[in-house]
Protein chains: 2
Amino acid sequence: MARSSQTELAVLGGLSVGPMTGYALRQAIRDVLGHFWRESFGQIYPTLSNLERQGLVTRLGAGRSAPYALTDAGLGRLRGLLAQPVQHLPQRNGLMLRLFFGRQLGAATCRQLVLDARGEAERELVQFVVIRDEIESEVKTEADHPYWLLTISAGEHSARATIAWANQTLVALDRIEGST
Amino acid sequence: MARSSQTELAVLGGLSVGPMTGYALRQAIRDVLGHFWRESFGQIYPTLSNLERQGLVTRLGAGRSAPYALTDAGLGRLRGLLAQPVQHLPQRNGLMLRLFFGRQLGAATCRQLVLDARGEAERELVQFVVIRDEIESEVKTEADHPYWLLTISAGEHSARATIAWANQTLVALDRIEGST
DNA sequence: TGTCTCATGTAATCCGTTACATGATTGG
DNA sequence: CCAATCATGTAACGGATTACATGAGACA
C-alpha cells in the first residue's frame, strides 16, 4: 500500500460519514480523528481533485462551497483500502529520545519534561470524556458510533498509561538525582 | 527546531555513549532505540558527513572503518539540542483509522486487526523484559542505564495498555457483531 | 466598509525511505 | 576463492508541512 493511499483512506473514510467540503473535512479530521491522525490542506485538496478525476467522489451541486460526496466506486475503493494491511508508521518519540540521553540533559530537566507529558495526558483524558459524551448524546445515533468509541477507548487507555508511567518515572528520577 | 535536527540529535546522542561507525550506529539505533526511534542509512551517513564538516564529530584514526566520536563542540551541541522543546510528531495510527471506519470493514475483520495488535504488544512485552535484563546485567554499569530503563518502562506501560484495551475491545466487537 | 470565517488551491521545501552502487574484510 | 557481513555513499522518488495567494460570504 503506497503511502499516498493513507491520505486517500482518511479522505474517503471521512466522506463515508457524510458529504462535506474539503474545508469541513479538514476540521472533522482535526477535531474527531485528531488523536491519531492529521492531514493538512496541502494534502486534502489535491487528493480530493484526484479522487474526483477518478470518479471516486463527486460534488453535490455547483459552486465553490458544493460538498464532496462518495460515489459507489468510491465506497468500493474505501472498502478495498481498509482491507489492506495496516502500515506501520515510523514512530519517533522526541520525549523518549531525550530521556534516553537524559544524563546529558540532567535529571531536573527530565523531571520537567515528564511533568509536561503527564499534564498533557491529563488534559487529553478530559477531552476524551467530552468527546465520548458528545458521541453518546447525539440525537441521531449513527451506526458508526460503536466503532468511534473503540478509538476513544484506546486514547483513554493510552493516556492513563502515560500518567501511570510518569508518576513512576518521577520517583525514579528523584532516586537518580539523589544518588549523584 | 528544524526537523533535520531530530536526526542530528539521535546521531550525536548515539555517539555520546561511545565512538561508533555509521554502520554500528544504525544497528544501535535499530536495536536499542527501535521502540521509539528509527533512522535509515540514507539519513545517517549524510548527517555524519555534515557533522564532521562542522567539527561536531571526528573520526578516530584513518581508514574506512574508523569510528566516529563526539568532539567537545559536539557534546555541547547535543546538550543544546536536548534542551530544545520536544517536537510533536505527526502521529498517524493506521489501526485506529481502520477501526474508526470499522462499519465499512466489518466487525469480524476488525476483530482480527485487534487480535494482531494484541499479539504484537505481547511480543513487545517479552522483548522489553529481555532488554531490561541485558541492561541490568551488563558488567560495567554505565551512568546512562537508569535513563535507559525509563524508556523501557514507558514501552512496558504502553504495551500493557494496548493489551488491556484489546481485551476490552474484543468484547465490545462481539456485542456489535451480535446486534447486527 | 472592514474583518472574520469559509473555501480552494499552489509552490517551495524538507524529510525520509528505498534502491542502487561500490568495495573492504572476514570466515568457511 | 566465495559468500556473508561490514561499511559508505548517492540518486530518485514520494509524501507532508508550510507559507503564500486568492476570493466569496456573513455580519457588525
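Sequence lines set the chain letters: A, B, ... in the order given, protein chains first and strands last, and positions in each chain run from 1.
Under the side-chain contact (heavy atoms from CB on, under 4.5 Å) criterion, Leu149(B) pairs with Arg132(B), Ile135(B), Glu136(B), sequence neighbours left out. Partners of Arg26(A) according to the side-chain hydrogen bond (donor to acceptor under 3.5 Å, both in side chains) rule, which considers only residues two or more places apart in sequence or in another chain, do not exist here.
The separation between Gln6(B) atom CD and dC15(C) atom P is 10 Å, rounded to whole Å. Rounded to an integer number of Å, the gap from Arg30(A) CZ to dA7(C) P is 13 Å. What separates CZ of Arg38(B) from C1' of dT17(C) is a distance of 9 Å, to the nearest Å. Straight-line distance from the CZ atom of Arg26(A) to the P atom of dA7(C): 13 Å, rounded to whole Å. To the nearest angstrom, C1' of dA16(D) lies 12 Å from CH2 of Trp37(A). Whole-Å rounding puts the Asp31(A) CG to dC6(C) P distance at 11 Å. Nucleotide dC6(C) holds its P atom 15 Å from the CG atom of Leu25(A), rounded to whole Å. Rounded to an integer number of Å, the gap from CD1 of Ile44(A) to P of dT10(C) is 15 Å.
Side chains of Leu81(A) and Glu8(A) form a contact here, defined as non-hydrogen atoms less than 4.5 Å apart. Counting heavy atoms from C-beta on, the side chains of Tyr147(B) and Leu173(A) come closer than 4.5 Å.
Thr7(A) and Gln43(A) are linked by a side-chain donor-acceptor pair at a separation below 3.5 angstrom, with hydrogens and angles left out of the test. Looking at Gln168(B) and His157(A), their side chains do bring a donor and an acceptor atom within 3.5 Å of each other.
Taking only side-chain nitrogens and oxygens, Thr7(A) comes nearer than 4.0 Å to OP1 or OP2 of dA16(D). An OP1 or OP2 oxygen of dG15(D) is reached within less than 4.0 angstrom by no side-chain nitrogen or oxygen of Arg92(B).
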- Message: Each nucleotide in nucleotides 5-12 of chain D should get exactly one letter: B, S or -. Can you fill that in based on protein heavy atoms under 4.0 Å?
- Response: -BBBBB--
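A salt bridge links Arg92(B) and Glu39(A); the closest N-O separation between the charged side-chain nitrogens and carboxylate oxygens is under 4.0 Å.
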Sequence neighbours excluded and cut-off under 3.5 Å, please list the side-chain donor-acceptor pairs for residues 57-72 of chain B, or say none.
from: Arg59(B); atom 1: NE; to: Ala66(B); atom 2: O; distance (Å): 3.1
from: Arg59(B); atom 1: NH2; to: Arg64(B); atom 2: O; distance (Å): 3.1
from: Arg59(B); atom 1: NH2; to: Ala66(B); atom 2: O; distance (Å): 2.8
from: Thr71(B); atom 1: OG1; to: Gly55(B); atom 2: O; distance (Å): 2.8
from: Thr71(B); atom 1: OG1; to: Leu56(B); atom 2: O; distance (Å): 3.0
from: Thr71(B); atom 1: OG1; to: Ala73(B); atom 2: N; distance (Å): 3.4
from: Thr71(B); atom 1: OG1; to: Gly74(B); atom 2: N; distance (Å): 3.0

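Under the side chain to side chain donor-acceptor pair (under 3.5 Å) criterion, the residue pairs touching residues 104-117 of chain A are Gln104(A)-Arg79(B), Arg111(A)-Asp174(A), Gln112(A)-Asp116(A), with sequence neighbours excluded.
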Nucleotides 26-28 of chain C: which of its N/O atoms have a protein N/O under 3.5 Å away?
none

